[in-house]
Amino acid sequence: MQIITDPAEMQAIAENLRLQRQLIGVVMTMGALHDGHLSLVRIARKRAGIVIMTIFVNPLQFGPGEDFERYPRPFEQDAALARSAGVDYLFAPEPDLMYPGEFRCTVDPGPMAERFEGSARPGHFKGVATVVLKLFNITKAHLAVFGEKDAQQLAIIRRMAADLNIGTKIEAAPIARETDGLATSSRNIYLSSQEREHATALFRAIRHAETETGRGRRDLSAIAKEGLAIVSSVPGSSPDYLCFVDDDTFDPADQAAPGKAYRLVMAVRIGRTRLIDNWRFVCEGESGTRNT
Ligand code: PAF
């Protein structure tokens, strides 16, 4: 595995790989790698001949008072994990090379970026879309694998790729979960052992929605309200949002209609740690729902 820190060098390597007719897959991360990231690499490995992983804690997507400084940066450990997962190139640029003094242009991802994670974190998705577009251009990837855990991010990246004719195929990887259902996240390490236990309430709310929609209920707002009661019942929890949305537009959804895909999305603070999770389902026929 080759470690590259200069965007121009990475771009030249990628151009050369394309000239050699190599299929390039990219997995973009902010480091602090866990099983979730490695599952993205496994998908990229299956689909592409060359796998590039990027590690960059992107200052543009952190708001004031967020955990940019505190964000874990265990680079040596990450590099070892990337190597053993079969990454060919690890691109880990310096912030000054990604955002030099003269940097001005950013991507406006539109209205989908303003709700949920976007309203809780103003400017977050503008930062994400901007760095993702830069990383597409630097790595010249044919395909990119993103985790479904950040479902709104995935929807925005898909929208950007389509709207701006980016030409990189976007693949979604299912959410990796701990044995008790908690979605794997770099932020889980901030949880105390008691908070870690309370954090399973998010998955219990998902299970509840799965059971209720499976029984044929379509009153999504009411099911979401019940989910909210589940996550609110644990000590130290403070939900930011928990509701169903249309899976393409992220518009809030009250009632499920047959043939349409929805997503239960949530962000809940457990102690000082903000966790997100989601669950997608497709409403089927007259009386049932199917998990996907
Ligand atoms: O999901 C993440 O880790 C980041 O938002 C991404 C896509 C690497 C952009 O910085």
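Both counts, for ligands and for their atoms, begin at 1 and track the order of listing.
- Considering backbone and side-chain atoms together, Thr29 places no N or O closer than 3.5 Å to any N or O of ligand 1.
- The distance from ligand 1 to the heavy atoms of Val131 drops below 4.0 Å at these ligand atoms: 9 (C), 10 (O).
- Glu66 and Tyr71 are not linked by any side-chain donor-acceptor pair at a separation below 3.5 angstrom, with hydrogens and angles left out of the test.
- Taking atom 3 (O) of ligand 1 as the reference point, the nearest protein heavy-atom neighbour is Met30 CG, 3.7 Å.
- In the model, Glu117 has no side-chain atom that pairs as donor or acceptor with a side-chain atom of His124 under 3.5 Å.
- Scanning all protein heavy atoms for the shortest distance to atom 5 (O) of ligand 1 gives Gln153 OE1, 2.7 Å.
- The cationic atom of Arg159 (NZ for Lys, CZ for Arg) does not lie both less than 6.0 Å from the six-membered ring centre of Phe250 and within 45° of the ring axis.
- Atom 9 (C) of ligand 1 has Gln61 OE1, 3.3 Å as its closest protein atom, hydrogens excluded (heavy atom only).
- For ligand 1, the atoms closer than 4.0 angstrom to any heavy atom of Met28 are 8 (C).
- Within the 4.5 Å cutoff, the side chain of Lys46 has no heavy atoms near those of the Glu171 side chain.
- At least one side-chain heavy atom of Asp150 sits less than 4.5 Å from a side-chain heavy atom of Ile276.
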